[in-house]
A.B. asks: 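I have a structure I would like to understand better, so I am pasting it below and will then ask my questions one at a time.
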Amino acid sequence: MRSKRPASLLALCLLCAGCHHAPSIDIIGSFFPVWMLCLSIAVVLAFVVRHFLVRFKLDSEVGPVALFYPSVVILFTSLLWLIFFR
């Protein structure tokens with residue numbers, strides 16, 4: 001019982017250290033988390049991808065769209081985060 005206490009204290013300290021700095025961006029005087037900006041841009045980029053797929057008649061080739069487009073949004077969100085904020 002006694003050996004679990006230092007491990008749980010260490011885990012608690014590591015969890016608290018993760019909240020040290022939350023990146024945010026100022027938009028018209030209001031601070032928004034950066035992940036919201038990345039997600040918004042990623043949704044717009046997913047619409048652009050869909051437009052190009054429909055334009056070149058490749059929309060039927062992508063498989064289940066309920067999995068494809070959310071995956072595209074997650075891909076773009078992660079890439080935007082890594083490129084601009086890490």
Side-chain angles (χ1 to χ4, degrees):
M1 186 81 166
R2 201 168 171 96
S3 65
K4 290 184 181 181
R5 191 170 186 182
S8 62
L9 182 63
L10 178 66
L12 181 65
C13 289
L14 288 175
L15 288 173
C16 290
C19 300
H20 174 68
H21 174 69
S24 59
I25 189 166
D26 182 23
I27 299 175
I28 310 173
S30 181
F31 288 97
F32 289 95
V34 173
W35 65 266
M36 289 177 75
L37 178 68
C38 291
L39 183 64
S40 301
I41 294 171
V43 168
V44 171
L45 289 174
F47 279 116
V48 170
V49 166
R50 184 182 185 285
H51 173 74
F52 281 116
L53 288 174
V54 169
R55 183 175 182 191
F56 295 116
K57 298 179 177 90
L58 296 172
D59 195 35
S60 62
E61 302 293 325
V62 296
V65 293
L67 294 175
F68 178 74
Y69 290 114
S71 299
V72 168
V73 170
I74 291 170
L75 173 74
F76 283 140
T77 302
S78 300
L79 285 176
L80 287 169
W81 173 268
L82 287 173
I83 291 170
F84 294 112
F85 300 105
R86 279 286 175 196

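Heavy-atom basis, side chains included; hydrogens, waters and symmetry copies ignored.
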A.B. asks: What is the minimum heavy-atom distance between Leu80 and Ala42, and which atoms define it?
C.D. replies: CD1-N, 4.0 Å
A.B. asks: Taking side chain to side chain contact (heavy atoms under 4.5 Å, CB included) as the test, write out the residues that go with Pro70, two or more places apart.
C.D. replies: none
A.B. asks: Which residues pass the side chain to side chain contact (heavy atoms under 4.5 Å, CB included) test with Phe85, sequence neighbours left out?
C.D. replies: Val34, Leu37, Cys38, Trp81
A.B. asks: Group every Ile, Leu, Val, Met, Phe, Trp and Tyr by side-chain heavy-atom contacts under 4.5 Å, then state whether Phe84 and Leu45 land in the same group.
C.D. replies: yes
A.B. asks: Using a 4.5 Å cut-off on heavy atoms from C-beta on, say whether the side chain of Leu53 contacts that of Phe68.
C.D. replies: yes
A.B. asks: Does Phe47 belong to the same Ile/Leu/Val/Met/Phe/Trp/Tyr cluster as Phe56, with side-chain heavy atoms less than 4.5 Å apart forming each link?
C.D. replies: yes
A.B. asks: Show every side chain to side chain donor-acceptor pair (under 3.5 Å) that has at least one partner inside residues 40-67, sequence neighbours left out.
C.D. replies: Asp59-Tyr69
A.B. asks: Give a yes or no on whether Phe31 and Ile28 share a hydrophobic cluster (residues Ile, Leu, Val, Met, Phe, Trp, Tyr; joining criterion: side-chain heavy atoms under 4.5 Å apart).
C.D. replies: no
A.B. asks: Would you kindly confirm whether Leu82 and Phe76 end up in one hydrophobic cluster when ILVMFWY residues are joined by side chain heavy atoms under 4.5 Å apart?
C.D. replies: yes
A.B. asks: With a 4.5 Å cut-off on side-chain heavy-atom distances among I, L, V, M, F, W and Y, is there a chain of contacts connecting Ile74 to Ile83?
C.D. replies: no
A.B. asks: Starting at CD1 of Ile41, measure out to CG of Leu79 and round the result to the nearest 0.5 Å.
C.D. replies: 12.5 Å
